[in-house]
2 protein chains.
Amino acid sequence: MRSLVGDRAPGTPAPSERELVDRFGVARMTVRQALDALVGEGVLERHPGRGTFVAGPRRTPTGVRGLTDELALRGVVVETRTLVAESVPAGEAMAGAFRVHPEEPLVRWVRLRVGDGRPVCLSETYLPAAFAGDLLDHLPASLYDELAARGHRPTWAEDAVSAGLATDEEATLLEVPQGSPVLRLTRRALDGETVVEMSRSVLRGEDYTLHLQLRD
Amino acid sequence: MRSLVGDRAPGTPAPSERELVDRFGVARMTVRQALDALVGEGVLERHPGRGTFVAGPRRTPTGVRGLTDELALRGVVVETRTLVAESVPAGEAMAGAFRVHPEEPLVRWVRLRVGDGRPVCLSETYLPAAFAGDLLDHLPASLYDELAARGHRPTWAEDAVSAGLATDEEATLLEVPQGSPVLRLTRRALDGETVVEMSRSVLRGEDYTLHLQLRD
DNA sequence: CAGTGGTCTAGACCACAGT
DNA sequence: CTGTGGTCTAGACCACTGG
């Protein structure tokens, strides 16, 4: 069915509902349901009294992506330097966030992301050992891809963004002068009701820009 | 129809489809379409083989809101001090953004937002004079409410966020020490295909946190 | 005007939950 | 097993669009 609109130019009319009824020998309600799905996906647009047409490219709001994917989208090749990768007890704060016991182990992963040869982001990520324990054995290039592969792709994230000044350590790692402005980003990422990631990131403030698309 | 689920607790079962058929004397397809709409709105959840239930509160991604609304959501009372409100020629850059002639007039509105008595944000907003020209006569408390009232509620926005250091002028207006970290936010807001707002904002970086909810 | 999508009827069979 | 939602048929009338 999807083949009927495969890569056609936006505005191209789709076959009418009654024509599809004849062509496939099904009821019109069935055709409508199939078309409804495509309309829901933004593939088609209905125009009452005129017809159904191939929709233009849809604007999609910023989704839940890791920095690696985010930068890759902009054509930046990202290299990751792992500074720390260990298993640590959750502790009070993280235990609350992950809703586990404070003694429960978490994976802690401190990374420096380098884009096009320059340090861009310093991040500290916590993951539940329950499904990320063996991550320490072979660290993935993209955390979000790896989570997805394990059936825990984050579908929801809450970010808090503020500006600050680089500490001495941050300045050294990010290779910026002390006191340079940085973006501080803390994230809580969920898959359904389970928290799959908590992270704190520090980004070069003047060079890196966070791009957001918002709908409605 | 919506009355059937009016403010019931999440998890409460809705009447079965066949029961609604009897009660309203309509076909089941009709009932399903009505229920489909409510499911689409996130009011109901279907559970095949079990029934249809009142859905829990839905997580909604960050939408297109002005700073006034944004802060109001967090209980901060915002006062706006207008520094400049004038009509100016678009100029090259803005003409491109708004897709108008460089000589076309735009409304330029420079505001200082004060939340709970402290300056929070300095913003420079450009609007098409076509539907915002008379805005200069009586400036609204909430720009987005006013745009909505004029049938130009922004449904799409693209933000770029970065960190920087306050210039002398910014520091003075925001009442922070010179060289303080600030969040710089530039926004392009659209209603459909028409650009309704371009703005540049500077926010106190250490005190103000941008909160984002991302889906999928 | 003829053709379109929007909506509706009154049935039907299926896969799946819970008992 | 019964009841649920998921899907389907083969018609029907409406409001709207374009020529």
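Here the structure is a predicted model, which means the values were calculated and not measured. Hydrogens, waters and symmetry mates play no part in the numbers below; they use all other heavy atoms, side chains included. Naming convention: chains lettered A, B, ... in sequence-line order (proteins, then strands); numbering from 1 in each chain.
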Short side-chain N/O contact to C/dG3 OP1/OP2 from A/Ser16, under 4.0 Å: no
Which atom pairs, donor and acceptor, lie under 3.5 Å between side-chain atoms of residues 73-80 of chain B and protein residues at least two apart or in another chain?
{"residue": "B/Arg74", "atom": "NH2", "partner": "B/Tyr208", "partner atom": "OH", "Å": "3.1"}
{"residue": "B/Arg74", "atom": "NH2", "partner": "B/Thr209", "partner atom": "O", "Å": "3.0"}

Secondary structure string for DNA chain D (Watson-Crick or G-U under 3.5 angstrom, | for other-strand pairs): |.||||||||||||||||.
Point-to-point distance, once rounded to the nearest 0.5 Å, from CG of A/Leu183 to CZ of B/Arg184: 11.5 Å
d(CZ, B/Arg46; P, C/dC16) in whole Å: 17 Å
Flag if over 12 foreign heavy atoms under 6.0 Å of CZ, B/Arg150: yes
Pair B/His47, B/Glu45: side-chain N/O donor-acceptor within cut-off below 3.5 Å: yes
Donor-acceptor pairs under 3.5 Å, side chain of residues 185-192 of chain A to any protein atom, not counting sequence neighbours: which ones?
{"residue": "A/Arg187", "atom": "NE", "partner": "A/Asp159", "partner atom": "OD1", "Å": "2.8"}
{"residue": "A/Arg187", "atom": "NH1", "partner": "A/Arg65", "partner atom": "O", "Å": "2.9"}
{"residue": "A/Arg187", "atom": "NH1", "partner": "A/Tyr144", "partner atom": "OH", "Å": "3.0"}
{"residue": "A/Arg187", "atom": "NH2", "partner": "A/Asp159", "partner atom": "OD2", "Å": "2.9"}
{"residue": "A/Arg188", "atom": "NE", "partner": "A/Glu158", "partner atom": "OE1", "Å": "3.2"}
{"residue": "A/Arg188", "atom": "NH2", "partner": "A/Glu158", "partner atom": "OE1", "Å": "3.2"}

Partner set under side chain to side chain donor-acceptor pair (under 3.5 Å) for B/Arg46, not counting sequence neighbours: B/Glu17, B/Asp36
First of A/Arg18 and B/Arg28 reached from the 5' end of DNA chain D, by closest nucleotide: B/Arg28
Closest-nucleotide 5' rank along DNA chain C - winner of A/Asp36 and A/Gly49: A/Gly49
Distance in angstrom units between A/Arg50 CZ and C/dT4 C1', rounded: 10 Å
Start and end of the DNA chain D segment that chain A contacts, any atom under 4.0 Å from a heavy atom: D/dC8 to D/dG18
Qualifying side chain to side chain donor-acceptor pair (under 3.5 Å) pairs, either residue in residues 99-108 of chain B, two or more places apart: B/Glu86-B/Arg108, B/Arg108-B/Glu124, B/Arg108-B/Tyr126
From B/Leu210, B/Leu212, B/Leu214, residue fulfilling side-chain contact (heavy atoms from CB on, under 4.5 Å) relative to B/Thr62: B/Leu212
